Amino acid sequence: MNPRGSTNKKPVLWLIALMVLAAIGVTVFLVINREDTSKLAIEQTGPKTQDPSNVSNPGNSPLPLATPTSPSPSPTPTPVTEKADIVIIGTEMEGMYLARAATDEGLKVVVLDPRTEVGGQLIAGEMLFLDETKDEQGRSLVQGRIKQLFDGFKNGKIRKKQEYVQYWDTLNKNIPIESGVTLQNVNTTQGKQTQNAVHSISYVTKDKQQKVVEAEYWVENTDHAAMASKLKVTRMPGLEAFHKTNQIEYMSAGFMMKFKGVDWNKFNTSFNALTSAERSKKYGGGYVNESFAIGLSGMTSAYKATNDRVFLRGLNAVYQRDGEVIINALLLYTIDPSDPKSVAEGMEMGKKEMPLILDHFRKSIVGWENAELNGFPDYLYIREYDHYETDYVLKPSDMLGANMFWDNVSIAGYPLDLQGISVSKWGIEMGRPDKYGMPLRSFLLRDYDNVIMAGKNVGSSAIAYGSARIQPNTGLAAESIGVILGQIHGKKKLREVKEEDMKILHTYLESQYKIKLTNVKGNNKIAGWTKEEIAKLDTGEIVYPEYIQTRKAPK
């Protein structure tokens, strides 16, 4: 029983508590339900500002705020991976002969070019004055597929850029080329024949796609060692050692000069009507015929450039037909091919100089009175970049000594022509070989199982490079290597090829491709020289054309 006056309040308290809890539960449910609805709307339609008037809100009570959700990070796409037998970096013409030959031999070839303009020196740089290789009797040494180009050049059928493009297209037919790529990582593994091997390259396309390519062989075919410079390579001394300067400098780059409105017949007729003395006085000598003009260095020397980094040397001019002429003669110094800003600066220097040179030619050359500029090339003619060690490094004594090798991939020739640098603007000729061989080993990057150095990347000293660099020399080598890769595929690796194997391969090259690399003998111009004399020749202490005039044969 309860005491008097007391009231039993427990049932009432429990009832009140239950009512409070029920009210709280309803409120929580409504808030949660509204938050969930708001979140669902964001997930379905994307984040946007909510308009309160569009939301059912009886009593205009404060709307619950939905917690903003961060969008989930997009997963990094897996790069597209492609496999090939050979990947070629760059589209310089020389390496494209390797691409063509290997493809014809049944291999899968992929070409990646860091430059946006394909075709390198020949197409983008419009270096359309071709230097033919000849022996000292004047006989052409040009062999292989490149002979078609030189024959067309000489007979006048390949003179204009579009005609070169049509020829170049025969090299890349059915070969995938991706230009404007950015090489990111060159992934290497432990080599089997040497210390290293390249396994794959990751790169970004010009439309920002991430890709990876794997291959058995890799070919460095750019004018700035885009791939090789990312490897563990040894840079050999360059022209700075020969000229004894304190900083690296490469042979001058060229800016190809294009003209139209030239009366070439009048030029040719007038020039050849002059006596030798008159030609010497007006033009400084030279040679002109119906297609070519060479030299006239007295006339070009009279031109005063706007700055010390520009120089107009003697002409290498070709008449392209229809009043059009293209000339290799404008040199640009201290250009770094690996630096896009340096190349762009060179292009601007060339463009700035051209109207002044045009005016000089109009005043100085008969038949050029009405000449006009005919546009500009898309790129510079790059002659040289860093030289890296290969299994065999060609030397001047190899060339002047007419050395032939068991693993010849080219029969070469051309003067050891060192184009000028800023401290020696005219450059210098270091000797004229008869003919010499270029071994496979000079195209295999040292310490890498599967990296081939094409074209301008040939393994040679800076002095020997004056001759080795010429396109018919390294173009033939690249084609031969492409054929060899096809013939040994699935049988043995390039570095496993022995002398007996090369005999079989040489026979195949001659019978199927009309490329003759054996039983060729050249004139040894250093026969009887001492070891000391040969050593000085190779380092540049002896300049052959000067030394040979005073040298006395040892007793």
Side-chain angles (χ1 to χ4, degrees), residues 85-111 119-123 130-133 140-153 158 164 167-175 177 217-222 390 394 405 407-414 435-444 451-459 468-489 494 497 501-502 504-518 520:
D85 295 312
I86 303 169
V87 171
I88 297 181
I89 308 300
T91 56
E92 292 292 332
M93 181 178 70
E94 297 91 322
M96 293 305 296
Y97 287 108
L98 190 155
R100 177 76 269 146
T103 300
D104 290 347
E105 285 283 329
L107 302 185
K108 180 181 179 181
V109 178
V110 171
V111 180
Q121 168 184 317
L122 186 74
I123 305 300
L130 302 182
D131 286 315
E132 185 175 16
T133 53
S140 178
L141 296 171
V142 180
Q143 299 185 70
R145 187 182 288 266
I146 199 172
K147 188 177 186 300
Q148 179 186 348
L149 174 63
F150 274 77
D151 287 347
F153 176 69
I158 302 179
Y164 282 88
Y167 171 82
W168 195 84
D169 286 344
T170 67
L171 299 181
N172 61 51
K173 185 178 180 181
N174 300 324
I175 299 175
I177 297 177
Y217 289 98
W218 306 83
V219 181
E220 176 56 78
N221 186 44
T222 69
T390 49
L394 284 163
F405 302 89
D407 56 343
N408 270 356
V409 287
S410 180
I411 302 297
Y414 200 77
K435 59 179 78 73
Y436 58 91
M438 301 183 86
L440 171 63
R441 288 163 291 160
S442 291
F443 297 90
L444 303 182
V451 177
I452 299 165
M453 306 296 279
K456 296 178 175 67
N457 302 287
V458 56
R469 65 189 175 91
I470 303 302
Q471 286 175 323
N473 295 335
T474 53
L476 177 61
E479 183 179 5
S480 298
I481 294 171
V483 173
I484 290 170
L485 287 170
Q487 285 295 296
I488 67 172
H489 183 66
L494 207 50
V497 173
D501 302 317
M502 283 301 296
I504 297 171
L505 292 166
H506 283 155
T507 299
Y508 180 77
L509 282 161
E510 187 168 359
S511 63
Q512 298 299 315
Y513 291 88
K514 297 182 180 179
I515 295 174
K516 183 175 177 56
L517 301 172
T518 59
V520 179

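Because the structure is a prediction, the values reported are computed rather than measured. For this chain, numbers begin at 1 and follow the sequence in order.
Within the model, atoms CD1 of I411 and NZ of K516 stand 9.0 Å from one another, a figure rounded to the nearest 0.5 Å. Taking CH2 of W218 as the start and CD1 of I89 as the end, the distance is 6.5 Å to the nearest 0.5 Å. Between R469 atom CZ and Q471 atom CD the span is 10.0 Å, to the nearest 0.5 Å. Once rounded to the nearest 0.5 Å, the distance linking CD1 of I88 with CZ of R100 reads 10.5 Å. In this structure, CD1 in I484 is found 11.5 Å from OH in Y508, a value given to the nearest 0.5 Å. Here the straight-line distance linking atom CG of D501 with atom CD of Q487 works out to 11.5 Å at 0.5 Å rounding.
For D85, the salt bridge (charged side-chain N to carboxylate O under 4.0 Å, His left out) criterion is met by no residue, not counting sequence neighbours. Considering only residues two or more places apart in sequence or on other chains, A101 meets the side-chain contact (heavy atoms from CB on, under 4.5 Å) condition with E479, V483. Legend: residues meeting salt bridge (charged side-chain N to carboxylate O under 4.0 Å, His left out) with K108, ordered by chain and number and at least two apart, are E82. Scored by the side-chain hydrogen bond (donor to acceptor under 3.5 Å, both in side chains) test, S140 finds E132 as partners (sequence neighbours excluded). With sequence neighbours left out, the side-chain contact (heavy atoms from CB on, under 4.5 Å) criterion links K147 to V142, D151. Evaluation of the salt bridge (charged side-chain N to carboxylate O under 4.0 Å, His left out) rule for E92 yields K456 as partners, not counting sequence neighbours. Applying the ring pair (Phe, Tyr, Trp, His ring centres under 6.0 Å) criterion to F153, with sequence neighbours excluded, gives F292. Residues passing the ring pair (Phe, Tyr, Trp, His ring centres under 6.0 Å) test with F150, sequence neighbours excluded: none. With sequence neighbours excluded, no residue forms a side-chain hydrogen bond (donor to acceptor under 3.5 Å, both in side chains) with T474. Listed by chain and residue number, T91, M96, V111, V118, W168, N172 satisfy the side-chain contact (heavy atoms from CB on, under 4.5 Å) test with I177 (two or more places apart in sequence, or in another chain). Applying the side-chain hydrogen bond (donor to acceptor under 3.5 Å, both in side chains) rule to Q143 yields no partners; only residues at least two apart in sequence or on another chain are considered. Shown here are the side-chain hydrogen bond (donor to acceptor under 3.5 Å, both in side chains) partners of E220, two or more places apart in sequence or in another chain: T222.
Between S480 and L517, the shortest heavy-atom contact is OG-CD1, 3.9 Å. Taking all atoms of both residues into account, the shortest heavy-atom contact from M93 to L122 is SD-CD2, 3.5 Å. Residues G459 and T390 approach most closely at CA-OG1, 3.2 Å, considering heavy atoms. Nearest heavy atoms, M502 versus D407: CE-CA, 3.8 Å. When all heavy atoms are compared, the tightest approach of P472 to I146 is CA-CD1, 3.8 Å. Looking at every heavy atom in both residues, Y167 comes nearest to R145 through OH-O, 3.1 Å.
Under a cut-off of 6.0 angstrom, the local environment of NZ in K514 is sparse, with at most 12 non-hydrogen atoms contributed by other residues, nucleotides or ligands.
For the pair F405 and L394, the minimum side-chain heavy-atom distance is below 4.5 Å. Counting heavy atoms from C-beta outward, V87 and V219 have side chains that stay 4.5 Å or more apart. Two residues are said to be in side-chain contact when any heavy atoms from C-beta on lie closer than 4.5 Å; E105 and L485 fail this criterion. When side chains are defined from C-beta on, I86 counts as touching L98, because their heavy atoms get closer than 4.5 Å.
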What do the steps show when you test L476 against Y97 for side-chain contact (heavy atoms from CB on, under 4.5 Å), and what is the final call? CA-CA 8 Å; L476 177 61; Y97 287 108; over 6 Å; no

Any chance you could lay out the side-chain contact (heavy atoms from CB on, under 4.5 Å) test for T103 and N174, step after step, and finish with the verdict? CA-CA 9 Å; T103 300; N174 300 324; 5.6 Å; no

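Side-chain atoms of K173 never come within 3.5 Å of backbone atoms of I175 as a donor-acceptor pair (strictly under, hydrogens ignored). Of the possible polar contacts, one joining the H506 side chain to the N408 backbone as a donor-acceptor pair under 3.5 Å is found. With hydrogens and angles disregarded, a donor-acceptor distance shorter than 3.5 Å links the side chain of Y217 to the backbone of L494.
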